**Student:** 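Quick one: this structure, given as structure tokens, is what I'll be asking you about.
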Amino acid sequence: MPNYCCQQDHSALTNQGNANNKPPKWRVSRLFWAIVPPIIATVLCLSSTHTTNAQKPPTNAKPTPAKTPQSFAGNQISLNGRIVPGAWLQRSLTTGKVKTHISDGVLRQLIGIDLLSSSNPARQPIDWFSSTKRPILAAQLLGGYRYLDITNFAQTAGWQLQANGNILVIAIPKAQVKNILQSQQPSEKSVAPLQSDRIVVDLDRPTPWQVSQGLPIKKPQLPTLDPDIPTPKSTTPPNREWTVTLDGIADPLLVQRYTPLPPPPPSLPDLLKQLPAIPDPDALIQQVEVVNNQTIIHLSVPFGMSPRISTVANPNRLMIDIRPDAMLPRDITWASGLRWRQQFINLDAESFPVVWLEVNPRKVGITLKPIRANSDTLTGIAPLIQTAQQYLAAAAINGGYFNRNNKLPLGAIRRDNQWLSGPILNRGAIAWNDSGQFYFGRLTLQETLVAPNNLQLPILFLNSGYVQSGIARYTPAWGASYTPLSDNEIILVINKNQIIQQLPGGKASETAVPIPPDGYLLTLRKNAASTASQLPIGTTVSISSNTTPADFNRYPYIVGAGPLLVQNNQIVLDAKSEKFSDAFIAEKAIRSGICTTATGTLMIAAVHNRAGGAGPNLAEHAQLMKLLGCVNALNLDGGSSTSLYLGGQLLDRSPNTAARVHNGIGIFLQQKQ
């Protein structure tokens, strides 16, 4: 990673999703880097290294003048020798003391520090192997990150901190994992009839821990003795792997206790002897292993349940409760005008975990803008956490649909009054301006090509990956060139309102055609190809453009997705009219949404799997948004695309379970200089 004391370019990065369905779930690799905002690099970063041992002056030297306070910043952390991404800064005071600040997302996800509810953005109570008194850390907002002052906390905990260029080196005394025990807790009324299992990890001292969700665990299929009888398939969803990793070493006997059993003895039938030595897929603790001075506990968690992890002191313990209602409620004023909330929302007999951000769009310094994975072209997808950091957004949520194969948008994106991609299929969209005004509706863009002799031809699609018969337009916002998306297109090159070329497109995905910086391309597909004869080279053309409803014309920012859920405090869900498939309408899935309340507050929300089951269908999603207080609400892309970002972290899921997405909506906070 580069040293952020140097000059940087901070521009943004450049299913099969389709028009009728959400993108499929896609497992992505962990994000291996994070960035530090340039405000820190330019305002705070006065030196790339920090020397701790000052040289003694000669005995006859004159008194040394007071030192000027210096600050250092970086975007990587060495935790007990492992380099991981993480935003941090240090300030050396005139007194010679050094204050160390780390972003709250890093402390939460890397160390396991629990952020507790707080109504003061400058004060953050935490819980980490705490007794009765919970520490409160000073907090400050810089460049899209919220930094917590860990100086005194780290000293009390026995941590060693040292800045080394771009890296903050943290050395935490290694713990010993003394025991791992499993027990079953009595069921509670709220989760009956499901049982809650508890794992207690005994430690000799507090230690960092991380939790991560993995893939579904496949159960081995026992072949039947009769080859003519098919192997029965399970009707219940498979368990999912979770891993809990601690900075500590477990005793070899403890590791052996949770080691998979050896192969079956030779006395068993040949059919069973062929089975591999694997743990029981239904056993909660699958394996315990020690890797690179870390103890890793592999869990098999039933569908509809997840781990709730807490810590206690005296004795030091990590407690892992496997519950259908694992998420704890939170209400944290993260910044002035930006509030992080999460809780279970009850809908009839079901209970859904909802994580959302409340934004005051009229607060000075808060703005919203569409963001996309690649700023140079409309082709590209990336983890939302990466895109948000590249744009220096404080918060973000995934946006509209896209084609996961060719990584192209399938819906409206408008930024700074410029259409990046046009809407499709009269689907739901949200529009807004910098004054905190919003508009929700089903959006259509009518573009018309006007040529001499009153020739007017409809342009059906603008910078879209949605390919249908008719005329489509591609502007420089699409990228430097256009490669045909279907066979045998006829391409018209327009520069400064004049047709300068007619080209055969040939086979799809083969020959790229440059897009004029002062013009655009028209592609004539299928039955529209016959209109080429009416548009010879040299023809002067113009384009008229309007939206339906016309109110959308007034807003510089638009993101389309759908279906529209709530409008003017009424549920208006009509997914069929927005051309969504029956399977998509009925599917129970994780979902993202954006809405406004009666007081003008904007909310971006992620709804995950209900307690003991799957996520909401569209009808349930609309009702949940109303229960949150939404008077206008739009469904965004969902499933594995659902990602709610805040200050360097995903609030709603493990980053490795979030798919790469094409675009999103970023929330920006402007700090006073």
Side-chain angles (χ1 to χ4, degrees), residues 19 378 409-427 429 431 439 441-479 481-506 508 511 513-556 558 560 577-579:
L378 283 181
L410 295 172
I413 309 172
R414 179 176 167 95
R415 181 177 169 123
D416 298 324
N417 283 308
Q418 179 191 15
W419 285 107
L420 302 180
S421 180
I424 63 172
L425 302 171
N426 194 37
R427 288 184 169 174
Y439 182 79
R442 297 185 179 95
L443 170 64
T444 299
L445 175 66
Q446 293 99 10
E447 283 200 332
T448 303
L449 181 71
V450 180
N453 300 322
N454 291 322
L455 179 63
Q456 297 188 14
L457 300 173
I459 299 173
L460 302 182
F461 307 104
L462 172 62
N463 290 342
S464 179
Y466 187 56
V467 178
Q468 296 290 311
S469 176
I471 301 177
R473 186 164 78 100
Y474 295 90
T475 72
W478 178 263
S481 64
Y482 165 80
T483 302
L485 299 176
S486 61
D487 292 342
N488 302 318
E489 297 177 355
I490 295 178
I491 300 175
L492 307 184
V493 182
I494 291 87
N495 187 48
K496 296 181 179 179
N497 298 322
Q498 189 174 60
I499 299 174
I500 61 172
Q501 280 183 293
Q502 279 197 12
L503 304 170
T511 305
V513 178
I515 300 176
D518 295 327
Y520 52 89
L521 303 182
L522 294 177
T523 65
L524 315 181
R525 298 183 180 127
K526 297 184 179 179
N527 58 13
S530 60
T531 60
S533 60
Q534 300 174 273
L535 300 167
I537 294 175
T539 303
T540 299
V541 295
S542 62
I543 291 178
S544 64
S545 178
N546 285 289
T547 63
T548 301
D551 290 303
F552 276 107
N553 287 320
R554 300 187 289 110
Y555 294 90
I558 296 175
S577 74
E578 296 186 30
K579 304 298 188 297

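The structure presented is a predicted model; accordingly, all values stated were derived computationally and were not measured.
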**Student:** Is there side-chain contact between R473 and L449, with heavy atoms separated by less than 4.5 Å?
**Tutor:** no
**Student:** Taking the side chain as every heavy atom from C-beta outward, state whether S577 and N426 have any atom pair closer than 4.5 Å.
**Tutor:** no
**Student:** Look up atom CD1 in I471 and atom CG in L457, then write down how far apart they are to the nearest 0.5 Å.
**Tutor:** 4.5 Å
**Student:** Please give me the minimum heavy-atom distance between N527 and S469, naming the atom from each residue.
**Tutor:** OD1-OG, 2.6 Å
**Student:** Mind telling me whether W478 and Y482 have parallel, tilted or perpendicular rings, with 30° and 60° as the class edges?
**Tutor:** tilted
**Student:** Can you name the closest pair of heavy atoms from S421 and S464 and give their distance?
**Tutor:** OG-CA, 4.2 Å
**Student:** When you measure from the side chain of Q502 to the backbone of A532, do you find a donor-acceptor pair of N or O atoms at a distance under 3.5 Å?
**Tutor:** yes
**Student:** Out of curiosity, I558 CD1 to L420 CG, how far, rounded to the nearest 0.5 Å?
**Tutor:** 11.0 Å
**Student:** Ignoring hydrogens and geometry beyond distance, is a side-chain donor-acceptor pair present between S486 and E489 at under 3.5 Å?
**Tutor:** yes
**Student:** How long is the span from the CD atom in Q418 to the CD1 atom in I413, to the nearest 0.5 Å?
**Tutor:** 11.5 Å
**Student:** Could you pull out the closest heavy-atom pair between A431 and F552, with the gap in Å?
**Tutor:** CB-CD2, 3.6 Å
**Student:** Check ring-ring contact (aromatic ring centres under 6.0 Å, His included) between Y520 and all other residues, then give those that pass, not counting sequence neighbours.
**Tutor:** none
**Student:** Are any side-chain N or O atoms of S545 and backbone N or O atoms of E447, one a donor and one an acceptor, separated by less than 3.5 Å?
**Tutor:** no
**Student:** If I take atom OG1 from residue T475 and atom CG from residue L378, how far apart are they, to the nearest 0.5 angstrom?
**Tutor:** 7.5 Å
**Student:** Could you tabulate the donor-acceptor pairs under 3.5 Å formed by side-chain atoms of residues 535-543, not counting sequence neighbours?
**Tutor:**
from	atom 1	to	atom 2	distance (Å)
T539	OG1	P536	O	2.7

**Student:** Between the main-chain N or O of K496 and the side-chain N or O of D518, is there a donor-acceptor pair closer than 3.5 Å?
**Tutor:** no
**Student:** In Å and rounded to the nearest 0.5 Å, what is the CG to OG1 distance from L455 to T531?
**Tutor:** 8.0 Å
**Student:** Is the backbone of T547 close enough, under 3.5 Å, to the side chain of N553 for a donor and an acceptor to pair up by distance?
**Tutor:** yes
**Student:** Which heavy atom of Y474 sits nearest a heavy atom of L485, and at what distance?
**Tutor:** OH-CD1, 3.7 Å
**Student:** For P514 versus L521, what's the shortest heavy-atom pair and its separation?
**Tutor:** O-CD2, 3.7 Å
**Student:** Indicate yes or no: at least one non-hydrogen side-chain atom of T523 is less than 4.5 angstrom from one of P484.
**Tutor:** no
**Student:** Please verify the inter-ring angle class for Y555 with Y439; under 30° counts as parallel, over 60° as perpendicular, anything in between as tilted.
**Tutor:** parallel
**Student:** Quick one: OG1 on T511 to CG on L503, what's the gap to the nearest 0.5 Å?
**Tutor:** 10.0 Å
**Student:** Looking at every non-hydrogen atom in both residues, tell me the closest pair between P476 and P517 and how far apart they are.
**Tutor:** CG-O, 3.7 Å
